[in-house]
Novice: 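One structure, as structure tokens, below. Some questions next.
It should be emphasised that the depicted structure is a prediction, and the values quoted were computed from it without experimental measurement. Counting begins at 1 with the first residue of the sequence. Each ligand, and each atom within it, is numbered from 1 in the order the structure gives.
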Amino acid sequence: MSTITVSQDLIAAYAGQFAGSQKRFDQARASLAGGIAHDGRYLKPFPLYIDHADGAYKWDVDGNKLIDYAIGHGSLILGHSDPEVTAAMHEQLDRGTHYSAGHEMEIRWAEQVQQMIPSAGLVRFTASGTEANLLAMRLARAYTGRPGILKFDGHFHGWSDYLIKGEKPPFENSHQPGVPGDVLRTVAVLPPDDLGALEERLTQGDIAAIMVEPSGASWSMIPLPDDFLQNVREIATRQNVVLLFDEVITGFRWAPGGAQERFGVMPDMTTLAKILAGGMPGGAVAGKAEIMEHLLFKDEQGWNATKKVGHPGTFNGNPLAATAGSMCLKRCENPEVQQHCDSMAAKLRTGLNTVLENEGIDGCAWGESSVFHIILGHRCMNRTAADLRSPEGIDPATLKSSGKSGLGNPLALAMALEGVDLFNAGGLLSVKHEEQDIDFTIEAFTNSIARLRSGRFLA
Ligand code: PMP
């Protein structure tokens, strides 16, 4: 994966401090394919194995304490083991974890989504974000009678056969081992900065839905052009195509009502997961009633056989996930949750950029709302997101592949040695990340830069 050889000193220090994780990784590989359960957890020479977590921290099997910026892949906006969420879950555990039937928690959960997400007409729960997007695509196709889906360079919508296309460079041309070409041909991938190409592609008349990460690809890693969401909204309306915001990350994080509330642009459908389920597995599709009604059984002649969209799923609306999710959403209604996370992230991005500036290193920390990304070794003039989109900016393919390849991997090792767990050369914040954690992280970054310099990764 990486074209850079990780310095032996850095590897030796990492292997020494995290010896227990190396042992677990060697053991894991005999039973778990690749020793991991998620590609995003891959790290050379081995990933960390965690023993327990609390608030903004987690402790590995060797007892090393790390500030956690992966924070449940972004799902734990309240931090690990929030007392209210945990208590509600304990109570639910004693009442059963699966009823194979409807229950009051799923009604309450759906009502909360409806109240918080401005464009949510009706809601249907799934077991993950990937499943939410699968269902949303099926609904959009049934509603419009068209087969195609249009997405944008680098935007991540889960690992389904359809939407994995275009997630990594070379975007539109990406080959996906194991995915039939016929499936890939139903998905069009366009750059987000060519509205003319978008309009033109839609005139072919085969597209059911336009899917967008409203933050820009991978939680603002590839920033969107100004007014992009508004422009796409207008185009989708004009061309009669469903506009879907994938708010799996941004939902309840960018604002209590997600990116659509923050930016004031309403999609026709929204997919949710992560924070939605308060750290438990779960997802949802929320959308206009006229689209969502394709899930309904009807007495109307022929409807159930030809119009109704099928949607089973053993863990849809699971009581334990509903309980955790409902408690989490109740807390996320208070905008102080998002304000705290946003302000800590802004302080962190500024601090990281100051380190780069002081050390005279090419690179940049950027991001929106309560997330951050770091790229090293690339010139970024004013160290802002706007720079990345400027004509001299860093091209989207480079941004997208900067995480675990390039300097991302050695940076992750160095930061772990300094007590910080990054997530894909960046991270997401929670209400439990406080000023002192940000100061600690900035110092850890300064020390990591020194480690990377002494390993000759950086001049
Ligand atoms: N959409 C976005 C924007 C995501 O970030 C993710 C997960 N990182 C998904 C969809 C897929 O969600 P899940 O991992 O729950 O399947």
Novice: Start with the C-alpha gap between C332 and M116, add the side-chain angles, then the distance that decides, and say whether side chain to side chain contact (heavy atoms under 4.5 Å, CB included) holds.
Specialist: CA-CA 9 Å; C332 288; M116 293 175 75; 4.1 Å; yes
Novice: If the cut-off is 4.0 Å to any non-hydrogen atom of G158, which atoms of ligand 1 fall inside it?
Specialist: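 Close to G158: 9 (C), 10 (C), 11 (C).
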Novice: Going by the order shown, which atoms of ligand 1 are within less than 4.0 Å of some heavy atom of D246?
Specialist: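 What qualifies from ligand 1 is 1 (N), 2 (C), 3 (C), 10 (C).
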Novice: Please write down residue, atom name and distance for the protein heavy atom closest to atom 13 (P) of ligand 1.
Specialist: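 In this structure, atom 13 (P) of ligand 1 has G129 N, 3.5 Å as its nearest protein heavy atom.
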Novice: Tell me every residue that passes salt bridge (Lys or Arg N to Asp or Glu O under 4.0 Å) with D437, counting only those two or more places apart in sequence or in another chain.
Specialist: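 Partners of D437 under the salt bridge (Lys or Arg N to Asp or Glu O under 4.0 Å) test: none.
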Novice: Among P396, P192, P191, whose side chain to side chain contact (heavy atoms under 4.5 Å, CB included) with F152 holds?
Specialist: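 One option only clears the test, and that one is P192.
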Novice: Could you tell me which atoms of ligand 1, counted from 1 in the order shown, lie closer than 4.0 angstrom to a heavy atom of K274?
Specialist: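 Listed by number with element: 5 (O), 7 (C), 8 (N).
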Novice: If you count the atoms of ligand 1 from 1 in the order shown, which ones are under 4.0 Å from a heavy atom of S128?
Specialist: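 Heavy-atom distances to S128 below 4.0 Å select 15 (O), 16 (O).
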Novice: Under 3.5 Å, N or O to N or O, is I249 touching ligand 1 that way?
Specialist: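 Between I249 and ligand 1 (N or O atoms, distance only) the closest approach is not under 3.5 Å.
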Novice: Test M292 against every option in V309, L122, V123 by the side chain to side chain contact (heavy atoms under 4.5 Å, CB included) rule and name the one that passes.
Specialist: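 One option only clears the test, and that one is L122.
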Novice: Which of the atoms of ligand 1 are close to E213, meaning less than 4.0 Å from one of its heavy atoms?
Specialist: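 Those of ligand 1 that fall under 4.0 Å from E213 are 3 (C).
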Novice: I need the nearest protein heavy-atom contact for atom 14 (O) of ligand 1: residue, atom name and distance, please.
Specialist: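 Ranking protein heavy atoms by distance from atom 14 (O) of ligand 1, first comes T130 OG1, 4.4 Å.
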Novice: Does ligand 1 have any atom that is closer than 4.0 Å to a heavy atom of H73?
Specialist: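 Contact check H73 vs ligand 1: negative.
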